[in-house]
2 protein chains.
Amino acid sequence: MAQQGDGVRRAPLSRERVLRAGVALADEVGIAAVSMRRLAQELGVVPMALYKHVANKDELLDGMVDVVIGEFEPPDPDLDWKAAVRRRVLSARRAVLRHPWARQAIESRTRRTPAVLGYMDAVAGTFRAGGFSADLTHHVMHALGNRIWGFSPELFDEPRGAESPAPSPEEQQAREAEFAQRYPHVLEIAVAATQGDLSGVGGGCDEQFEFEFALDLLLDGVDRLREQGWTSRAARSAVAPG
Amino acid sequence: MAQQGDGVRRAPLSRERVLRAGVALADEVGIAAVSMRRLAQELGVVPMALYKHVANKDELLDGMVDVVIGEFEPPDPDLDWKAAVRRRVLSARRAVLRHPWARQAIESRTRRTPAVLGYMDAVAGTFRAGGFSADLTHHVMHALGNRIWGFSPELFDEPRGAESPAPSPEEQQAREAEFAQRYPHVLEIAVAATQGDLSGVGGGCDEQFEFEFALDLLLDGVDRLREQGWTSRAARSAVAPG
DNA sequence: ACCTGAACACCGTTCAAGT
DNA sequence: ACCTGAACACCGTTCAAGT
């Protein structure tokens, strides 16, 4: 039964629809709760039916990342290389922030799909057009690392959703005193980051500022190398001549 | 039966032993194959027994990362800040390379254990001792990101273990031609990276060189900021005055 | 009081039996 | 030829029943 009974979900399955449903489900319940079975249920379909559109769960996740990449906006082609890279990466960032699971999915995927390669090619092409050698472009891409996807790793804890039942004020104070003694420098930079508001260590720092700080540091750094005609051959032989 | 029958595994369980066994198992079979049940079996113990030493699987993984952090070697205290950070990070890199699963485990963990905080405190302390303000130190740590753990993200495919049955030479050539047309810049930088040896795109690049390139780029960049007396307040008001 | 086997509520994926 | 229910070989974790 329920074969043609409920009549609500009649749109035929397709890879596109499976992937979009995967993205929507991950947006709603988090990536950890996305399973083949749960996704099938969401689509009103038997789990096995998904296997006609994706080979396995890995391919599903790859495809979901591709959907996010599809949301990246290409920058105005008239921009100079630095502005173009900035815009492209900040557009990627907006997409990744819209899909909180995407960061972890991108980090754990190793498969390079056409969408992934296409994006990397566009970024590399921007550097090449800006006068970077293929050699330097390669190293620059490595230096940017996952920042080309618009995110940098979480250094500190994610803000916690009150999992422990709120310690008493005096216990809280004792804990902070111990923290200050054991990790004085971490405390210090957390204070510097939040101008004194310590609601959860590391909780209140301006991630967007950090991202752009690091991005510009890297772009300015490689710009300088480009101007100097840096090559990896010269860099290697400077360390180990011969 | 087997309660006292086999006599081989009699060392009493402890958190230490559980974590070390977890590390050894992950080294052997990969992190994906590490399950509570499998680990218990490896220790000659019923799965439930592990729960006396770790609260759950998340805590097991956190503990395993802590074991790896325990292998980091603190640098000679007489080194200047840049050399000290370099040594520390490169020591972390050696440990992470010894445990290939550690990279992914560190990326996916969000819990900040005492071991994690202790290491971050040491790195932050090195910058502070080198004349960096707490403010700049904070931004520098963010810019380094996961590179303080000794790894940078994989940009290209991991070398694949012949999963497809080796295409025919002409098919291989057709595939390469299509790749060259669709992703010319990716191809170009792959060629530049490997000096023409393209056994698997992106396969043969010198990751250690890339890592040190990016590390030095960042350290030199922040050194310049330190000399200039950079502050985030000034940087912010340069963008949006007032 | 301690320990643990069985059970619960899931997984991804295969495959044989049905139409 | 197509489709799919049941099954396989797993998970992490709970809990009640046993000693």
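Worth saying up front: this structure is predicted, and the values here are computed from it rather than measured.
Each of B/Arg112, B/Lys57, B/Arg109 was compared with B/Asp62 under the side-chain hydrogen bond (donor to acceptor under 3.5 Å, both in side chains) criterion, and only B/Arg109 meets it.
Atom P of C/dA9 sits at a distance of 23 Å from the matching atom of D/dA9, rounded to the whole Å. The same atom, C1', is picked in D/dT14 and in C/dG12; the two are 23 Å apart, to the nearest Å.
Nucleotide C/dT13 is matched to D/dA7 when pairs are restricted to Watson-Crick or G-U wobble geometry with both distances under 3.5 angstrom. Here C/dC2 sits opposite D/dG18 as a Watson-Crick or G-U wobble pair (both hydrogen-bonding atom distances under 3.5 Å).
Here C/dT13 presents its P atom at 16 Å from NE2 of A/His53, a figure rounded to the nearest Å. Per the geometry, CD1 belonging to B/Ile31 stands 15 Å off C1' belonging to D/dC11, to the nearest Å. Protein atom CZ of B/Arg38 is 12 Å distant from nucleotide atom C1' of D/dC10, rounded to whole Å. Taking atom CD on A/Gln41 and atom P on D/dT4, their separation rounds to 16 Å, with Å as the unit. Atom CG in B/Asn56 sits roughly 13 Å away from atom C1' in D/dT14 (whole-Å rounding). Between A/Tyr51 atom OH and C/dG12 atom P the separation is 6 Å, expressed in whole Å. What separates CE of B/Met36 from C1' of D/dC10 is a distance of 16 Å, to the nearest Å. Rounded to whole Å, atom C1' of D/dC3 lies 14 Å from atom CG of A/Leu50.
Relative to the side chain of B/Pro47, the nucleotides C/dT4, D/dG5, D/dT13 differ in distance, and D/dT13 lies closest. For A/Val46, the listed nucleotide lying nearest its side chain is D/dT4; candidates were D/dC3, D/dT4, C/dT4. Counting only heavy atoms from C-beta on, B/Lys57 has its side chain closest to D/dT13 among C/dG5, C/dC11, D/dT13.
With salt bridges taken as basic N to acidic carboxylate O contacts below 4.0 Å, none links A/Arg87 and A/Glu73. A salt bridge links B/Glu59 with B/Arg15: the closest approach of a Lys/Arg side-chain nitrogen to an acidic carboxylate oxygen falls below 4.0 angstrom. Ion pairing between A/Arg103 and A/Glu207 holds under the 4.0 Å rule for side-chain N and carboxylate O.
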Worked check of side-chain contact (heavy atoms from CB on, under 4.5 Å) between B/Glu71 and B/His99: CA-CA 11 Å; B/Glu71 295 177 4; B/His99 305 288; 2.9 Å; yes
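The residue among A/Met48 and A/Arg37 whose nearest nucleotide of DNA chain D lies closer to the 5′ end is A/Met48.
Within the structure, every side-chain polar atom (N or O) of A/Lys52 is placed at least 4.0 Å from both OP1 and OP2 of D/dC2.
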